[in-house]
2 protein chains.
Amino acid sequence: LENFREMSVAEFFAKYREVAGFSNPARALYQTIRELVENSLDATDGHGILPEIRIFIEKVNSSNEKSLCRVTVEDNGIGVPPTVMPEAFGKVLFSSKYVIRQTRGMYGIGVKAAVLYGQVTTGSYVEVISSTKGSSYIYMKRLYIDMKRNEPVIVEEAQWRKPGLWHGTRVSLAIECDWPRAKSRVLEYVKRTAIIAPYADIILQTPEEEIIYFPRTTRKMPKPPRESKPHPHGIDVETLKQMLTNTKAKTMLEFMEAEFQSVGKITALKFLETIGLKHNMRPKKLLKDSNGAILARIVDSMRLFKFKPPRSDYLSPLGKELIKIGLTRMYSPEWVDAITRPARVYQGHPFIVEVGLAYGGSIPSLEEPILLRYANKIPLIYEEREDVSYKVLKDINWKNYEINMPAPIVVLVHVASTKIPYRGVGKESISDVPELEQEIRACILELARRLRRYLSYKEREAEAMRK
Amino acid sequence: LENFREMSVAEFFAKYREVAGFSNPARALYQTIRELVENSLDATDGHGILPEIRIFIEKVNSSNEKSLCRVTVEDNGIGVPPTVMPEAFGKVLFSSKYVIRQTRGMYGIGVKAAVLYGQVTTGSYVEVISSTKGSSYIYMKRLYIDMKRNEPVIVEEAQWRKPGLWHGTRVSLAIECDWPRAKSRVLEYVKRTAIIAPYADIILQTPEEEIIYFPRTTRKMPKPPRESKPHPHGIDVETLKQMLTNTKAKTMLEFMEAEFQSVGKITALKFLETIGLKHNMRPKKLLKDSNGAILARIVDSMRLFKFKPPRSDYLSPLGKELIKIGLTRMYSPEWVDAITRPARVYQGHPFIVEVGLAYGGSIPSLEEPILLRYANKIPLIYEEREDVSYKVLKDINWKNYEINMPAPIVVLVHVASTKIPYRGVGKESISDVPELEQEIRACILELARRLRRYLSYKEREAEAMRK
Ligand SMILES: Nc1ncnc2c1ncn2[C@@H]1O[C@H](COP(=O)(O)OP(=O)(O)OP(=O)(O)O)[C@@H](O)[C@H]1O
Ligand SMILES: Nc1ncnc2c1ncn2[C@@H]1O[C@H](COP(=O)(O)OP(=O)(O)OP(=O)(O)O)[C@@H](O)[C@H]1O
Ligand SMILES: [Mg+2]
Ligand SMILES: [Mg+2]
């Protein structure tokens, strides 16, 4: 009576494209551009390469009233090896970013969602051209996705000897688009990306053939993020099972030290003693716990035990200077300051919250401060009202700091983490995780206090001037 | 250098649970309850059965500070056959609702996302007990999900002869929860479900052992929705390929008539003539079109051709009476009216927009009308600001109807469709599809006009009274 069947994850994201952010042709154009640009930035500044990003949006002739564009993004990044190129661009849930490291990408879906949207709306394939740093060849593949099997289908491929030292990737695909409705958001996205990445050289060519150039203004790049081991706080039973299955450690002591970050020998011994496990016990023995009760107890104890906080040097924050410079470039404020907090943890992932506050200059005086959100250096533009930063900002009572609305205030919030808890696959807003909320609130309140001090000083100066 | 790998869709929803709506223990409790309740309602009113739904939320002892609940939902629905029971509850992207029919469920993820959340936070399995109408046995399975393989693992199963005629399903699982923070939303969800389903008998037992009863107040049920064929408008190349692959039709004429809804013989002949295909051509020949250009042209022509609109009798709207009764029960308004629009189409899916407007009574006088959103009879509670209904409502200039804010107004919007374009897997808001926007706007404006007429009449009456 009821017709039961399974669906592949490629069919799923082709059919329910709005779940990945492709809800209409304007939003889809924006999403396609950002998925490709975020991949290019991960492949450059994530590996210590000064980014050169070229974004082309070109009108495509259409036999009917559908509006089509070709979107092409080219970078000088680490490139994609030819062996994984088909799956990287043609298999949903395939990624090099499933490790514990701060990257813009995380789901293994992004470019594939764009490929599926292009395939469904234009019937055409994606073209990828790439060469890695050491390689003597440039590889080209044109492919589409076999949705039933979630596998790439290569329609054409070629390779040619590399004439010089170029390395990087060029991705090109045709999609149904709505440039007039997408334009302001796309420009905002690229501009806000450039503002916090002054070391990046970005060129955007619009369908009107207008060229918008964001030149590199510094060669100084932040340290790239590093891959780390999991932190014991917030580890769940499934992850612990996986770690015990994969570990080469012969004893529980070795397991705790080797497989986790922030766990030294003394801490490991103390923890094992607390939960009553012998330090020389073989880790694999715990996998015999078939009803999961012992593993659940270990996970709960880990959550409560006082381990050192996670290393913050593996994350790659923007830093107060860069935030202040960015806000200054955008608004020429009369006052600006920024805070970068020490790393905290949620669900075993370290995170750093950074907030900048600018006052005056060309900032319009509004009932609510302007909020600029960033996560892992990605500007977040849609879904503002659902974001944890907005909820925190909305609750701030500026009167407590004798700051009366309307006032010319911009608040920039950046969250850097090995896992950003986005509310959806389209990465537009961060869900309200309590630990994040607390950190964002602490920053904004501290900056409000500092703004208050500046305004008081300004008032005293004005008072003194009048005498 | 980069470590490429794939991930199963079960691993994906376990790791990124916030994408499915499980972002914190309060939200997860709400989501778990609603996923189970929506499955139970689909299994009852979707099949002409007067629903009896029992929801139990019980505190569970926890060895640490984690707060755990057991959530149990029982229904008298069509039941789950034992052969598909393991996959229905243990395989992500497995569903009986991947057909073209108006149901609350659509993704094949819901209950599995809850099972994964329970498994990850408590280490325990889900228990399912079920019996279908004709069966002489009741089946019980306890299972968890093998995340790497996206397969169910049965830890215990049993069957026993059915003593009577019971049919239905009982699902029970333990999860980390936060009842105090979830309570008001859970109560709102159940109450708003009951308001538009007065034929349903719903009991909710809270962790405080309080029993909240929503008795059935009518035995009259709307016609259940029916499965239909796709409509030619908005068919995409992939779907057309699939239909051509699966069809038993020997000619293109037969294909158009048999595989689509709203296409009769005359229309089919006219359409085939328009696109220059012989009506006796074999459909499978079109699959030889390897570059997809011919298929893309057919799809585009389908989109532009004037086919009859889709049947609206396959959808199951609430109807104006039910909406008015519901609003009256909630607010005892001095004026209430409702509109059910004829069916329209977006992306090949028929949809009906219904709007109710209530004025006065116990409605508080606010700057913005209160918005109650429903989609396929599911109350939507979170993400209001991102919903297409909210965006339409926000743009309404009530002054144009001489209605001055603050005013005591409630607007109820229900969208019924064979596919609701939710913005996320957690089903809390509808994305801004232009066709939906137009219909919602048309309804609200018409009801604003009618409210205006009532208010004018009321003013004239008051005027007459004063003389
Ligand atoms: N421009 C590029 N340069 C180098 N590698 C790339 C590039 N674009 C994609 N890749 C590789 O392809 C993989 C898949 O990309 P995709 O966007 O689908 O997923 P992701 O970036 O890992 O995660 P997300 O879904 O969050 O974007 C990446 O993990 C990366 O290894
Ligand atoms: N209470 C129930 N009675 C009958 N069948 C059920 C019940 N609960 C689940 N099922 C069956 O299990 C399948 C899977 O349920 P699940 O909630 O995962 O997906 P869905 O309801 O199809 O879609 P969605 O992800 O949108 O909820 C359903 O399609 C339905 O066939
Ligand atoms: Mg990506
Ligand atoms: Mg469901």
Side-chain angles (χ1 to χ4, degrees), chain A residues 1-9 12 14 16 18-19 23-24 27 63-66 78 84 87-88 91 93-96 98-99 106-108 119-124 147 236-238 291-293 295-297 299-301 303-304 382-383 385-386 421-426 431-434, chain B residues 1-9 12 14 16 18-19 23-24 27 63-66 78 84 87-88 91 93-96 98-99 106-108 119-124 147 236-238 291-293 295-297 299-301 303-304 382-383 385-386 421-426 431-434:
Chain A
L1 189 47
E2 287 282 294
N3 176 5
F4 287 85
R5 74 169 181 95
E6 57 182 299
M7 184 188 276
S8 90
V9 67
F12 178 82
Y16 301 119
E18 57 279 349
V19 161
S23 33
N24 56 58
R27 185 76 190 263
S63 53
N64 59 26
E65 27 173 84
K66 230 200 281 191
I78 56 167
V84 289
E87 286 172 306
K91 186 178 182 62
L93 294 183
F94 188 87
S95 168
S96 64
Y98 286 150
V99 295
M106 59 195 280
Y107 295 129
Q119 193 171 317
V120 162
T121 58
T122 71
S124 79
M147 298 188 343
D236 54 61
V237 170
E238 294 291 340
N291 70 347
L295 291 183
R297 191 168 62 74
V299 161
D300 292 339
S301 310
R303 212 181 273 196
L304 297 169
Y382 289 90
E383 294 175 21
R385 300 295 164 91
E386 294 307 316
Y422 292 109
R423 311 181 88 255
V425 168
S431 41
D432 35 358
V433 168
Chain B
L1 189 49
E2 288 281 295
N3 177 5
F4 287 86
R5 72 170 184 96
E6 59 183 298
M7 184 188 277
S8 90
V9 66
F12 178 83
Y16 302 119
E18 59 279 349
V19 161
S23 32
N24 55 59
R27 184 77 191 263
S63 52
N64 59 27
E65 26 173 85
K66 231 201 278 191
I78 56 166
V84 289
E87 287 172 306
K91 187 177 181 63
L93 294 183
F94 187 88
S95 168
S96 65
Y98 287 150
V99 295
M106 59 194 282
Y107 295 130
Q119 191 172 317
V120 162
T121 57
T122 71
S124 80
M147 299 189 341
D236 55 62
V237 171
E238 294 291 339
N291 69 347
L295 290 182
R297 190 168 62 74
V299 161
D300 291 341
S301 310
R303 212 180 274 196
L304 296 170
Y382 289 90
E383 296 176 19
R385 300 293 164 92
E386 294 307 315
Y422 293 109
R423 310 183 85 256
V425 169
S431 41
D432 35 357
V433 168

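To find a chain, count down the sequence lines: A is the first, B the second, and so on, and within it residues start at 1. From a predicted model like this one, the values you see are computed outputs, not experimental measurements.
For the pair B/E383 and A/R423, the salt-bridge criterion is met [side-chain N within less than 4.0 Å of a carboxylate O]. Taking the charged nitrogens against the carboxylate oxygens, A/E386 and B/R385 have no contact shorter than 4.0 Å, which rules out a salt bridge.
Contacts between B/Y107 and chain A at a heavy-atom distance below 4.5 Å involve backbone atoms as well as side-chain atoms. Heavy atoms of A/V425 lying under 4.5 Å from chain B belong to its backbone as well as its side chain. Only the side chain of B/V99 has a heavy atom closer than 4.5 Å to any heavy atom of chain A. Looking at B/M7, both its backbone and its side chain come within 4.5 Å of chain A, counting heavy atoms on both sides. Looking at A/V84, only its side chain comes within 4.5 Å of chain B, counting heavy atoms on both sides. With a threshold of 4.5 angstrom between heavy atoms, B/A88 approaches chain A through side-chain atoms but not through N, CA, C or O.
With sequence neighbours excluded, no residue forms a ring pair (Phe, Tyr, Trp, His ring centres under 6.0 Å) with A/Y422. When the side chain to side chain donor-acceptor pair (under 3.5 Å) test is applied to B/Q119, the partners found at least two apart in sequence or on another chain are A/E238.
With no hydrogens or angles considered, a side-chain donor-acceptor pair links B/S96 and A/E2 at under 3.5 Å.
Heavy-atom pairs under 4.5 Å with chain B were tallied for A/T121, A/V19, A/V120, A/I78; the largest tally goes to A/V19. Ranked by heavy-atom pairs shorter than 4.5 Å toward chain A, the options B/S8, B/G424, B/A14, B/P421 are led by B/P421. In terms of non-hydrogen atom pairs under 4.5 Å with chain B, the most contact-rich of A/Y382, A/F94, A/Y98 is A/Y98.
Side chains of A/N24 and B/D432 form a contact here, defined as non-hydrogen atoms less than 4.5 Å apart.
Across all non-hydrogen atoms, the minimal contact from B/S431 to A/E18 is OG-CB, 3.7 Å.
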